[in-house]
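What's counted below: heavy atoms across the whole structure, side chains too, no hydrogens, waters or symmetry copies. All chains are named by letter (A, B, ...) in the order of the sequence lines, taking the proteins before the strands, and each is independently numbered beginning at 1.
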Protein chains: 2
Amino acid sequence: MTIRVPRKKADAYQHGDLRRALVQAGLKMLAEGGVDGLSLRGAAELAGVSHAAPYRHFRDKEQLVSAVAEEGFRMLTSRMRDEIAARGGDVLSRLRAAAEGYVAFAVAQPATFRTIFGGAVCGEDQPPPPGLKEAGEEAYHVLRDLIVEGIERSRLRAEEPDRLALAAWSMVHGLSMLIIEGQVPGVRGNAAQRRAVTDVVVHLLETGIRPLS
Amino acid sequence: MTIRVPRKKADAYQHGDLRRALVQAGLKMLAEGGVDGLSLRGAAELAGVSHAAPYRHFRDKEQLVSAVAEEGFRMLTSRMRDEIAARGGDVLSRLRAAAEGYVAFAVAQPATFRTIFGGAVCGEDQPPPPGLKEAGEEAYHVLRDLIVEGIERSRLRAEEPDRLALAAWSMVHGLSMLIIEGQVPGVRGNAAQRRAVTDVVVHLLETGIRPLS
DNA sequence: ACCTGAACACCGTTCAAGT
DNA sequence: ACCTGAACACCGTTCAAGT
């Protein structure tokens, strides 16, 4: 009789971890070379494998990009959770923390952020790949849970949570994109200014742009 | 003596209109093949010219993409202006029209919309190319003028206009991106639902997500 | 000035062949 | 099963050469 131990070696590239290695390589290429720096051949080289090997794990480049986007999405969610936990306070304070984590991630990893929402992943009609969809829903639930708590505590309007969540997500997502695009002058490189701008925008999200009347 | 007439022929590709032809070709490729469908060689072929000819007008692909983004930005601004003019009404009604024009353009031309804000154009530190920056400012002023009018008429909060404009732009831009990314379920293909969702989000932008208290 | 054709390096993808 | 090496089509870019 032989006892089968599940193989978990350190140099496990040849045992099923090539997929993970390729995704990590993709994230590294995004961080170093921007969106255009991500290539199948480059990822294969970084993983120490021939350029044809990735096709054992991904049908085409789009599937690798999708896997990288999924991992990036989970990193974004982590960043939000960390910021929320570090800030604490009442639910509005934690919502602001989530917003700042979101913006901070976008600025720190613009190419990864763009890949997550890059649309190279799902075309006009195709549904998003399941893993990426799941990662998106996980991020969305972090936001939605805060919204629901805010409503229960009467710190947010007694509206349908999904409506408030969509408005909040849109605002923070748009702000992040405009900042990394350089459309908000003097903010991309200045962390203090960035936080100030984010606070202003989130405050307007909370109270609206119409007069209090 | 010879009278020099300014040359404006119909088949003016050889007389300085090659640049324009290449930009138009780029827009066509974006509409038909998505962001990845845009190539220098393809644009040259569509313009009926050798693959090296574009380098007389653009230093590299990035400059062509930048020119295409600029033209796309002007199309987006036109779309907003048209929607504003068609709707009319008070300033809040026209703000809503601008938002719907923005979202409608993004959904109708997602690849062009992504290229405008694609970031392939300006890197981390580089400033945006002047033409694209100007096109962006033109779009921004359409929004800002509405905001200023709203403040003057006491339909918007007496805040710094740029703050209100940034909040509004962020919200509508983010909503557009989330919709074309497929993150807002059941909206990408449904114009009526899309308008309803946009109205809800803009209404929350106006009145905020906090209770009226 | 403006354009061409050949050339180079790089990429995504396929496939017969190796272990 | 998993990986390799050669091969193909495509791309961005350069450059000597043509008019």
Side-chain angles (χ1 to χ4, degrees), chain A residues 4-23 25-26 28-30 32-69 111 115 118-121 123 129, chain B residues 4 6-9 11-23 25-26 28-30 32-69 111 115 118-121 123 129:
Chain A
R4 302 203 202 128
V5 286
R7 301 193 187 182
K8 287 193 180 175
K9 297 222 180 170
D11 58 344
Y13 282 10
Q14 327 302 348
H15 305 97
D17 266 9
L18 176 56
R19 188 193 148 93
R20 187 186 318 269
L22 290 168
V23 171
K28 187 174 183 181
M29 297 175 87
L30 282 179
E32 291 175 0
V35 175
D36 292 340
L38 175 55
S39 74
L40 255 179
R41 289 176 102 110
E45 192 176 1
L46 276 179
V49 102
S50 95
H51 63 262
Y55 287 89
R56 291 296 121 195
H57 299 273
F58 302 101
R59 191 161 20 87
D60 52 21
K61 185 187 180 183
E62 202 173 288
Q63 285 224 348
L64 170 62
V65 172
S66 169
V68 170
T115 301
V121 170
Chain B
R4 304 205 201 126
R7 301 195 187 180
K8 287 193 179 175
K9 297 223 181 170
D11 58 344
Y13 282 9
Q14 326 302 351
H15 305 97
D17 267 8
L18 176 56
R19 189 192 148 92
R20 188 186 314 271
L22 290 168
V23 171
K28 187 174 183 182
M29 297 175 87
L30 282 179
E32 291 174 0
V35 175
D36 292 339
L38 175 55
S39 74
L40 255 178
R41 289 176 102 110
E45 192 177 0
L46 276 179
V49 103
S50 95
H51 63 263
Y55 287 90
R56 292 295 121 196
H57 299 271
F58 303 101
R59 190 160 22 84
D60 52 19
K61 185 188 180 182
E62 203 173 289
Q63 285 223 350
L64 170 62
V65 172
S66 169
V68 170
T115 301
V121 171

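Taking NZ of B:K61 as the start and CG of A:D36 as the end, the distance is 7.0 Å to the nearest 0.5 Å. Put simply, OG on B:S39 and CD on B:E45 are 8.5 Å apart, with the number rounded to the nearest 0.5 Å. Going from atom OG1 of A:T115 over to atom CG of A:L30 covers 4.0 Å, rounded to the nearest 0.5 Å.
A:D17 has its CG atom 14 Å from the C1' atom of D:dC2, to the nearest Å. Here the C1' atom of nucleotide D:dC3 and the CZ atom of A:F58 are 16 Å apart, to the nearest Å. If you measure from atom CG of B:L18 to atom C1' of C:dA1, you get 13 Å, rounded to the nearest angstrom.
Applying the side chain to side chain contact (heavy atoms under 4.5 Å, CB included) criterion to A:A43, with sequence neighbours excluded, gives A:L22, A:A25, A:M29, A:L64.
Inter-residue side-chain proximity for A:H57 and A:L18 is flagged as met; some heavy-atom pair is nearer than 4.5 Å. Between A:D60 and A:Q63, some side-chain heavy-atom pair lies under the 4.5 Å cut-off.
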Footprint string (nucleotides 7-19 of chain D, 5' to 3'): B base within contact, S backbone only, - free, heavy atoms under 4.0 Å: B---BBBBB----
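Nearest heavy atom pair, residue A:P54 against residue A:S50, reads CD-O, 3.5 Å. For the pair A:V23 and A:A67, the tightest heavy-atom approach, listed with the atom from each and the gap, is CG2-CB, 3.8 Å.
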Per-nucleotide pairing state of DNA chain C [Watson-Crick or G-U, under 3.5 Å; [ ] pseudoknot-crossing; | other strand]: ||.|||||...|||||.||
